[in-house]
Visitor: 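One structure, as structure tokens, below. Some questions next.
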Amino acid sequence: MSEASPKVLICVAWPYASGPRHVGHVAGFGVPSDVFARYQRLRGAEVLMVSGTDEHGTPITYGADREGVSPREFADRNNRIIVDDLRRLGLTYDIFTRTTTRNHERVVQEFFTTLYERGYIFTRTQLGAFSPSTGRTLPDRYIEGTCPICGYPEARGDQCDNCGNQLEPTDLINPRSRIDGEIPEFRETEHFFFDLPAFQQRLHDWIEAQMHWRPNVRRYSLNFVADLKPRAITRDLDWGVPVPLPGWRDRPDKRIYVWFDAVIGYLSATVEWARLRGEEAGWRSWWQDPSVRGYYFMGKDNITFHSVMWPAMLMGHGDLELPYDIVSSEFLTMEGRQFSVSRGHTIEVRDVLSRYDADVLRYYLTIAGPETTDTDFTWAEFVRRNNDELVGTWGNLVHRTLVQAQQNFGCVPEPGELAEADRRLLAEVEGGFASVGGLLEQARFKAALTEAMRLAALVNQYLGSEQPWHRIKQDRRRAATTLFVAVRCVDSLKTLFTPFLPFSCQRLHEMLGYGDVIAPQPEAREVDLGGDAHRILAGDYDRTPRWAPSCIEPGRPLGVPRPLYRKLDPKVVDEELDRMRVSTA
RNA sequence: GGCGGCGUAGCUCAGCGGUAGAGCACACGACUCAUAAUCGUGGGGUCGGUGGUUCGAACCCACCCGCCGCCA
């Protein structure tokens, strides 16, 4: 268990701007990182949460070609959609920017130059596949042909799906482009490589010492480090960050490889954030102070970029701090199958948010998300979790408590002397600040939310045995005491639930008569850094320490309560499944 | 092919060396303040398979099967 840290840098994986993101994406990095960030701020920590859209690379140029627009236009449009999704989900980035800003380009080039000057980057000539008509590189997996081993006619340039053997594109018989059937041309091409093996021992020793990482992340990374090869950091492409060296800078056909520029985004976004605040050097206090803990959130397909490649780059660069924790999630499947955008087996974030509240999706993705194991998203479970848990257990507790207090007293009731049961319940619920907080500190979101729910159920039990609605007829004072205790518990639970359910907890906060903001929300902002106008997601987030039991005082007026959540008709399950079938067909 | 993960009640998942757990579903009961919500009781599993280590194994080891991811 980790103790309190005053500054927490939260680096969230950069969603790829090749299209709208589906719920699997935000389940992996988006919601968990925001729960963590909100908790840390409620605790009083200084938080900086950075990310942005990843907009370079071949899939972007292919997507743009397909739609007959420029890569820039294509990325612009998807960036807007993604920013809008993340904003509506209430993800409190301090800055969510993009990799196509001038600031990013400059930081990436400086980073490249530093590594180059320190001798960690070298060139090497290799055989590459090109499309004769466009002159563009064809990535291995975009080439198909007959497998030389088993004769399977649709083997890919990286491996044969039939016999499982790994292949080189040049091995294929009758190679052709999967995009347009063109026969690729193989020719020599010079590229820059990052000398990963130079960091092998340091990486190994460093990772081995990270006993607080999730065991699979640590083991997986250690194994990966055992066999490191130099890794290409440039591509034959016209879309990306130019190589910042004489003779290369102006070449239209060479760009920095998208993986390399994207991980530097964590640093460049921090630099941009500081510059927007007018503090050119403000990024340093986040990257050069060993007491700052850097948490990285991503899906499991991205582990090695964060646990090996980026740390090696940071080591090579010199005076920048390494990650503290790599919080990787597993995969979400959808109704028993993998998400597949190309097959239409997907559900976009904006689609869910058009029909359901953000808190419902946040709740589902936290309580049933792929935190430590692959999990399956089903609409039946989505509706069930909403109706039984969010509405039935938590929403109903709030409603029945506030309705009784409001109708009978019009305010937070004045309690008599607390009985044993009252004190026991208060102690148990208030223990949630330690128990839920401890779990959140360890990035155990599912367990944390389950614990908060357990405490809510405890208050329902308490109300069931105290029966204030019954007792108020004979003993008004005792009923007042019970309802006072219940209101205090609800108020404490509100704080405990805020990292997970910010929208509804803010409403509850106001219902309880507070006039301030407990759950701030992000907003889209147009910014202009030295003539480079673009749109970011940002916010002015309060970090008043609030992670503490309720002190709500008797006599405070209560308004007429409104339900926090709405029940979903079970027939929406079939509607959603039909909608999926339509889009799949 | 190599590496990592996962395979536990009908369903979704916890547990990860000391007599099998939760929620849902199902059955029965209590209550009726509350969005027909809530609370209680009960039935239900040879913990993927086969070996091994151990006084004792879902839990450790080996191999096998199935699924997921990465290397690509």
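In what follows, every chain begins at residue 1, and chains take the letters A, B, ... in the order their sequences are listed.
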Visitor: Quick one: on RNA chain B, does A:E381 or A:E389 contact a more 5' nucleotide (nearest heavy atom)?
Guide: A:E381
Visitor: Can you tell whether the side chains of A:R424 and A:E428 come within less than 4.0 Å, N to carboxylate O?
Guide: no
Visitor: Return the pairing partner of B:rG2 with a 3.5 Å limit on both distances, Watson-Crick or G-U wobble; otherwise return none.
Guide: B:rC70
Visitor: Just N and O in the side chain of A:S328: are any of them under 4.0 Å from OP1 or OP2 of B:rC70?
Guide: no
Visitor: State whether A:R454 places a side-chain N or O below 4.0 Å from either non-bridging phosphate oxygen (OP1 or OP2) of B:rA14.
Guide: no
Visitor: Could A:E190 and A:R124 be called an ion pair, given the rule that one side-chain N must be under 4.0 Å from one carboxylate O?
Guide: no
Visitor: Both distances under 3.5 Å, Watson-Crick or G-U wobble: report the partner of B:rG42, or none.
Guide: B:rC26
Visitor: If you look at every strand shown and take non-hydrogen atoms under 4.0 Å, does A:R562 touch a base, only sugar-phosphate, or nothing?
Guide: nothing
Visitor: Does B:rU53 have a Watson-Crick or wobble mate here (both distances under 3.5 Å), and if so which one?
Guide: none
Visitor: Can you confirm whether or not the ring centre of A:F382 sits under 6.0 Å from the ring centre of A:Y356?
Guide: yes
Visitor: Looking across every strand, which nucleic acid part, if any, lies under 4.0 Å from A:Q404 by heavy atom: base, sugar-phosphate, or nothing?
Guide: base
Visitor: Could you tell me the separation between the CG atom of A:L568 and the P atom of B:rA36, rounded to a whole number of Å?
Guide: 14 Å
Visitor: Does B:rG17 pair with anything, Watson-Crick or G-U wobble, both distances under 3.5 Å, and if so, with which nucleotide?
Guide: none
Visitor: Centroid-to-centroid, A:Y363 to A:F497, below 6.0 Å?
Guide: no
Visitor: Where the side chain of A:D388 is defined as all heavy atoms beyond and including C-beta, which of B:rA14, B:rA25, B:rC39 is the nearest nucleotide?
Guide: B:rA25
Visitor: Searching all strands shown, indicate the nucleotide that pairs with B:rU32 (Watson-Crick or G-U wobble; both distances under 3.5 Å).
Guide: none
